[in-house]
**Q** 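One structure coming up, written as structure tokens, with questions to follow.
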Amino acid sequence: MLCADDVRSVLPEVSRRLALQLRVPFAAIEFDSVPGDERRVALPLQYRSQPGTLLVPADLPEPTLQRLRDRVVPQLETLLAVATEYKAMAESLRTSRDQLHDLATEQAGLRRVAVLVASGAPPADVLAGIVAEAATLLDADATRLMRYTSADTVTVFAGYGTPGTETWLGRRFHIDGDVTEPVLRASRPARVDSYDGCPGAFADLARREGFTSSVAAPFSVGGRPWGSLVVLWSRREPPPPGAEERLAQFAKGVATAMANVESNASRARIVRGVEEDRRRFEHDVHDVVQQRLVSLGLELRAAEAIVPDELDELKARLSRTIDGLTNVFTVLEEITRGIHPAILTQAGLMPALKALARRSAVPVTISPGPERQLPRSVEVAAYDAVCEVLTNAAKDVHAPSINVDVDTTVDRATGREFLVVSVRDDGVGEADLSLDTELVGLTDWVEAHGGRLQISRPAGRATSLCIIFPTDIDSGRFDGALPDVD
């Protein structure tokens, strides 16, 4: 019953096996309330507020019927309740896992694009990264990034496709009747489930290239329409449900990258845009996916608790399902490792760092630090930096202890305030920015905040890492030199 897609369809076989076990001429389990007659006795079943019936021969002795009521009926009610809910719970669990995978894929793509921008990659590389990440996000065969060149035309600025496909760079299309028409006219995502019979030059070219369907989402840069992002598939099936909404969310996340292509003064917008998407990801994981997993776990535990000891196989199946749910939580913890804890948002940087130190595998000493809370983007950057360094120290440096000093300083020449985060350890390893990809990513992130990261290990002395960045990052100022800190 637990393995069946349709429990009702297996009831005849279940009834036959039950009759064999009970050593009676026949038995029949019904999902509905069925009256008895001169040949059958109806024993009522009640499961999940639903009525059911166990039908057995009417000529059974009364002691036998009483044993059936006392011992078999409660077990059947439990089994029916679990069997009818099992499929729904399993489907809900699969949905939660799929949602978590989608969120993680989108977050990873947004971060890779942000690192491209923060590291000063050429505009062509940024555009290539956007179209490649969009294809990965939706498992598509090709992507086209098109810019509006007039009220009714678009031009392909960047393209991605599987080997052997053209990118259509520089091609100009009239939007009437095309998938991009509702994107331009109404600034909303759109989809084409099949290009069969679709008019327009874009549809004609898509058919010639073997594409069968697509979805499109708008791009807005600096509050004005910029263009559209289109992903295409070659398979017979239509695009996945909700694909256009997922593409629209991704397009919003990388819009700051497009702003950087338009202007070199966009680094502050990149930081804020990535942080906004990260906060949305945190909310979705903690408040949606995690809560659903917790609810499923409680339901399964409750079902396991009411299963009689005689139903060994059922108990074993429920136990394996609960173990699988526990594994999902483990995966969730791995994927969300590094997502900002609530204490960072609610209490500020220093309480969050102290909580981080208490959880660290390496003894960590945290200085008192600034008494006031700094701008959120500054505190997030500092927290991320310390997290990354502590993780690196525990895994690669094998440091017996680590000291973290956090303070602010004012540059006398400019009057600007800077946050200085210094991390020192007495480990035996040696950090190398050119080899450690995690520290390279951290360097890019600090520089995106207008800051600087320095690391050194003098002979016979502890490894020292210093991060300096301005506390007025939200003002968008990236001018001027950073102060020197010993």
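As the structure is a computational prediction, the values presented were derived from the model and not from experiment.
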**Q** If every non-hydrogen atom of Asp139 is compared with every non-hydrogen atom of Arg235, which pair is closest and at what distance?
**A** O-NH1, 4.1 Å

**Q** Would you say Glu379's side chain and Leu349's backbone share a donor-acceptor pair under 3.5 angstrom?
**A** yes

**Q** Within the 4.5 Å heavy-atom criterion, are Val192 and Thr212 side-chain neighbours or not?
**A** no

**Q** How would you list, by chain and number, every residue that makes a salt bridge (Lys or Arg N to Asp or Glu O under 4.0 Å) with Arg208, sequence neighbours excluded?
**A** none

**Q** Is any side-chain N of the basic residue among Arg144 and Glu209 closer than 4.0 Å to the acidic one's carboxylate O?
**A** no

**Q** Are the side chain of Thr155 and the backbone of Arg172 linked by a donor-acceptor contact shorter than 3.5 Å?
**A** no

**Q** Between Glu244 (side chain only) and Val215 (backbone N and O only), is there a donor and an acceptor less than 3.5 Å apart?
**A** no

**Q** So, the side chain of Thr136 versus the backbone of Ala132: is there a donor-acceptor pair under 3.5 Å, distance only?
**A** yes

**Q** Only counting residues at least two apart or in another chain, list the ones meeting side chain to side chain contact (heavy atoms under 4.5 Å, CB included) with Ser213.
**A** Trp233, Pro239

**Q** On a heavy-atom basis, which atom in Phe173 and which in Trp168 lie closest, and how many Å separate them?
**A** CZ-CE3, 4.2 Å

**Q** Residues in salt bridge (Lys or Arg N to Asp or Glu O under 4.0 Å) with Asp405, at least two apart?
**A** Arg424

**Q** Might you point out which heavy atoms bring Ala243 and Leu138 nearest each other, and give the distance in Å?
**A** O-CD1, 3.9 Å

**Q** How close do Val183 and Ala217 get, heavy atom to heavy atom, and via which atoms?
**A** CG1-C, 3.8 Å

**Q** Counting distance only, does the side-chain N/O of Thr143 pair as donor-acceptor with the main-chain N or O of Val131 below 3.5 Å?
**A** yes

